[in-house]
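Every chain is numbered from 1, with letters handed out A, B, ... down the list of sequences.
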Amino acid sequence: MARRGVLETPHGTIQTPVFMPVGTRGTVKAMTPRGMEELGAQIILGNTYHLFLKPGLAIMEKAGGLHQFSNWHKPILTDCGGFQVFSLAKLRKIEKDGVWFSSHIDGSRFFLGPKESIHIQKVLGSDIVMAFDECTPYPCSYKDAAKSLEQTLEWEKVSREQPMLPGHLMFGIVQGSMYRDLRERSAQELVKIGFEGYAIGGLSVGEPEDMMFECLDWTVPHLPEDKPHYLMGVGTAKQLIEGVARGIDMFDCVLPTRMARHGSAYVGKGETIPVKAGRYAEDFTPVDPQCDCYCCRNFTKAYIRHLMNVGEITGLQLLTIHNLHYYLNLMQRVRDSLENGTFEALRAEFN
RNA sequence: GGCGGGGUUCCCGAGUGGCUAAAGGGGGCAGACUGUAAAUCUGCUAGCGUUGCUUUCGGUGGUUCGAACCCACCCCCCGCCA
């Protein structure tokens with residue numbers, strides 16, 4: 001099932017399997033575009049909900065889109081706001097044609113549905129536009145999951161009908177919570193609509209890891225083989241590799257960047273080192289002696305721990321570089337292993 | 001030398017007779033984090049044989065059934081005046 005692929009977008013070619021760092025509000029937190037290029041990032045995410053609130057559509061339009069605005073000229077994938085239906089559940093009300101949100105910033109009300117979401121993503125100039133969905137919580141009753149899925153399917157149909165920039169891609173999102181028949185139906189209906197790629201959403205929302213893998217086993221076989229498969233919001237090193245093993249080509253996750261800002265570094269098979277902890281105050285060795293990132297080649301745990309300890313942003317930046325390098329390097333190893341035929345050996349290392 | 005203000009748990013600081021091992025910050029420690037309301041959040045932070053006991057609010061002595069809190073003296077710090 002694991003595959004090595006290539007995805008063409010208006011802003012360049014992406015080698016898959018790929019990890020896509022998350023840049024919700026128009027930047028990967030603590031990073032510059034130059035830093036992202038140095039790390040070898042191929043594509044980053046942006047978010048419809050957040051960019052719509054600030055700076056807002058008028059400014060994004062004047063800026064000439066997100067690439068121009070942020071000076072990132074490689075591909076951008078934008079999430080549609082469907083995750084915020086889940087993460088900001090207390091601040092929204094779902095209706096037939098979309099969702100009323102109360103802004104988490106100032107409480108002001110605004111509406112986001114498939115038409116609005118796709119239009120915003122078009123203004124942003126996103127290379128890969130995500131169809132509007134609802135990410136269901138876990139656990140979710142069968143009844144709720146089925147109802148939500150029907151609504152999501154309708155929204156995705158409407159999404160697909162919206163005007164797009166020429167050559168830009170739109171991905172549909174499979175939902176259906178943890179129910180096999182719903183997942184299968186979701187995948188089949190999306191394929192009928194027809195998208196340039198297919199995402200699997202509604203996972204990594206608190207369910208057991210095995211359940212997530214099982215959902216992939218049910219879902220991926222129903223997706224067209226010649227189109228990219230994107231597992232949204234996932235995950236840990238092991239989950240990425242297990243995703244690839246099940247036919248996933250694309251991943252995004254806030255873990256590397258968030259963990260960095262919270263003071264932890266990824267090493268080895270995905271273990272974390274709490275660099276901000278006092279036990280590293282006098283540890284004058286790199287986060288990972290094997291790592292060849294800018295952070296590990298030049299700085300010690302003691303120094304980074306000091307920066308974290310006194311609240312200097314450089315500490316967050318260095319750990320962000322390291323963690324993103326960890327993720328991007330892991331995917332490079334995955335790609336190499338797929339070319340060499342050693343993927344299963346690599347997979348075994350992480351289990 | 002005179003007058004006034006003050007000394008509280010690792011730090012700052014609240015408390016002015018029992019509900020006080022003592023608010024609130026900070027710091028420290030531990031944990032969480034998966035399409036980012038997150039440089040965030042949660043818990044613990046005197047000791048122990050932990051349903052309780054012991055030690056603690058500058059020092060000593062006293063009043064009281066009971067004192068960080070009231071009284072006396074002493075030590076130190078900060079202002080102002082001479």
Side-chain angles (χ1 to χ4, degrees), chain A residues 19-31 43-51 53-54 76-92 101-107 117 121 126 128-138 152 171-175 197-209 212 230-240 242-243 248 250-264 266 270 272 274-281 304-305 307-320 323 327:
Chain A
F19 177 76
M20 308 182 285
V22 181
T24 304
R25 300 196 291 189
T27 181
V28 176
K29 293 181 191 291
M31 293 296 297
I43 170 173
I44 63 175
L45 296 216
N47 184 282
T48 300
Y49 171 96
H50 295 275
L51 291 169
L53 282 183
K54 282 173 188 271
I76 292 175
L77 179 152
T78 44
D79 187 33
C80 57
F83 186 73
Q84 279 61 48
V85 181
F86 160 76
S87 65
L88 301 177
K90 275 171 283 189
L91 299 174
R92 54 76 173 155
F101 281 99
S102 294
S103 158
H104 70 279
I105 300 167
D106 62 8
S117 177
Q121 296 182 71
S126 175
I128 302 177
V129 169
M130 298 306 296
F132 191 67
D133 73 332
E134 180 197 353
C135 176
T136 50
Y138 176 83
T152 285
F171 284 17
I173 305 176
V174 175
Q175 289 291 341
Y198 296 86
I200 299 170
L203 294 180
S204 65
V205 287
E207 78 283 4
E209 191 178 69
M212 182 177 107
Y230 163 28
L231 177 52
M232 306 184 81
V234 172
T236 63
K238 181 189 171 190
Q239 290 165 0
L240 262 52
E242 288 305 306
I248 301 296
M250 306 164 71
F251 303 87
D252 79 280
C253 190
V254 305
L255 275 178
T257 45
R258 180 181 289 168
M259 291 296 259
R261 278 176 282 112
H262 293 179
S264 288
Y266 282 103
T272 55
V275 182
K276 71 173 174 193
R279 74 189 90 141
Y280 299 109
I304 297 164
R305 131 88 194 172
L307 294 178
M308 299 293 302
N309 192 230
V310 296
E312 286 292 344
I313 54 180
T314 305
L316 313 184
Q317 293 173 324
L318 291 174
L319 283 185
T320 299
N323 281 351
Y327 267 70

- Message: I'd like the P distance from B/G18 over to B/A23, given in whole Å.
- Response: 16 Å

- Message: Treating primed atoms plus P, OP1 and OP2 as sugar-phosphate and everything else as base, which nucleotides of nucleotides 38-43 of chain B get B, S or - for protein heavy atoms under 4.0 Å?
- Response: BBB---

- Query: With a 4.0 Å cut-off on heavy atoms, is A/Gln175 in touch with a base, just the backbone sugar-phosphate, or nothing at all?
  - Reply: base

- Message: At 4.0 Å (heavy atoms only), tell me whether A/Gly278 reaches a base, stays on the sugar-phosphate, or touches nothing.
- Response: sugar-phosphate

- Separation between the C1' atoms of B/C76 and B/U8, rounded to whole Å: 16 Å

- Query: Which nucleotide in the set B/C33, B/A37, B/G27 lies at the smallest distance from any side-chain heavy atom of A/Asn309?
  - Reply: B/G27

- Query: Looking only at side-chain N and O atoms, does A/Gln84 come under 4.0 Å of OP1 or OP2 in B/U36?
  - Reply: yes

- Can you tell me the Watson-Crick or wobble partner of B/C41, both distances under 3.5 angstrom? B/G31

- Say you pick atom C1' in B/G61 and the same atom in B/U54; how far apart are they, in whole Å? 23 Å

- Message: Taking any heavy-atom pair under 4.0 Å as a contact, classify A/Ser103: base, sugar-phosphate, or nothing.
- Response: nothing

- What interatomic distance, in whole Å, is found between C1' of B/G59 and the corresponding atom of B/U40? 46 Å

Quick one: side chains of residues 77-87 of chain A, donor-acceptor pairs under 3.5 Å with protein atoms, not counting sequence neighbours, listed by atom name and distance.
unit_1, atom_1, unit_2, atom_2, d
A/Thr78, OG1, A/Gln121, OE1, 2.7
A/Thr78, OG1, A/Ser126, OG, 2.7
A/Gln84, OE1, A/Asn47, ND2, 3.1
A/Ser87, OG, A/Phe83, O, 3.3

- Message: With a cut-off of less than 4.0 Å, is there a side-chain N or O of A/Asn47 near OP1 or OP2 of B/G35?
- Response: no

- What is the distance, rounded to the nearest whole Å, between atom CG of A/Asp79 and atom C1' of B/G35? 4 Å

- Using the P atom as the reference point in each nucleotide, state the distance between B/G47 and B/A39 in Å, no decimals. 33 Å

- Quick one: do A/Ile248 and A/Val234 satisfy side chain to side chain contact (heavy atoms under 4.5 Å, CB included)? Show the steps, please. CA-CA 11 Å; A/Ile248 301 296; A/Val234 172; over 6 Å; no

- Task: Kindly point out which of B/U34, B/C33, B/U36 is positioned nearest to the side chain of A/Ser264?
- Result: B/C33

- Message: Taking B/A22 as the reference, what is the distance to B/C69 when you measure between their C1' atoms (whole Å, please)?
- Response: 12 Å

- Item | From B/A30, B/G35, B/U34, nucleotide with atom closest to A/Leu255 side chain | B/U34

- Item | Gap between atoms CG and P, on A/Leu45 and B/U36 respectively (whole Å) | 7 Å

- Quick one: A/Phe251 CZ to B/U36 P, roughly how many Å, whole number? 17 Å

- Can a side chain N or O of A/Thr24 be found less than 4.0 Å away from OP1 or OP2 on B/U36? yes

- Quote, to the nearest angstrom, the C1' distance that separates B/U20 from B/C80. 36 Å

- Item | Per A/Arg305 side chain, nearest of listed nucleotides B/U36, B/C29, B/G35 | B/C29

- Task: Give A/Gln239 one of three labels, base, sugar-phosphate or nothing, depending on what nucleic acid heavy atoms sit under 4.0 Å from its own.
- Result: base

- Would you indicate what A/Ala277 reaches in the nucleic acid, counting non-hydrogen atoms under 4.0 angstrom: base, sugar-phosphate, or nothing? sugar-phosphate

- base_contact_polar (B/U36 base, A/Ser87 side chain, donor-acceptor, <3.5 Å): no

- Message: Please classify the nucleic acid contact of A/Ile173 as base, sugar-phosphate, or nothing, using heavy-atom distances under 4.0 Å.
- Response: base

- Distance between P atoms of B/U55 and B/A67 (Å, rounded): 12 Å

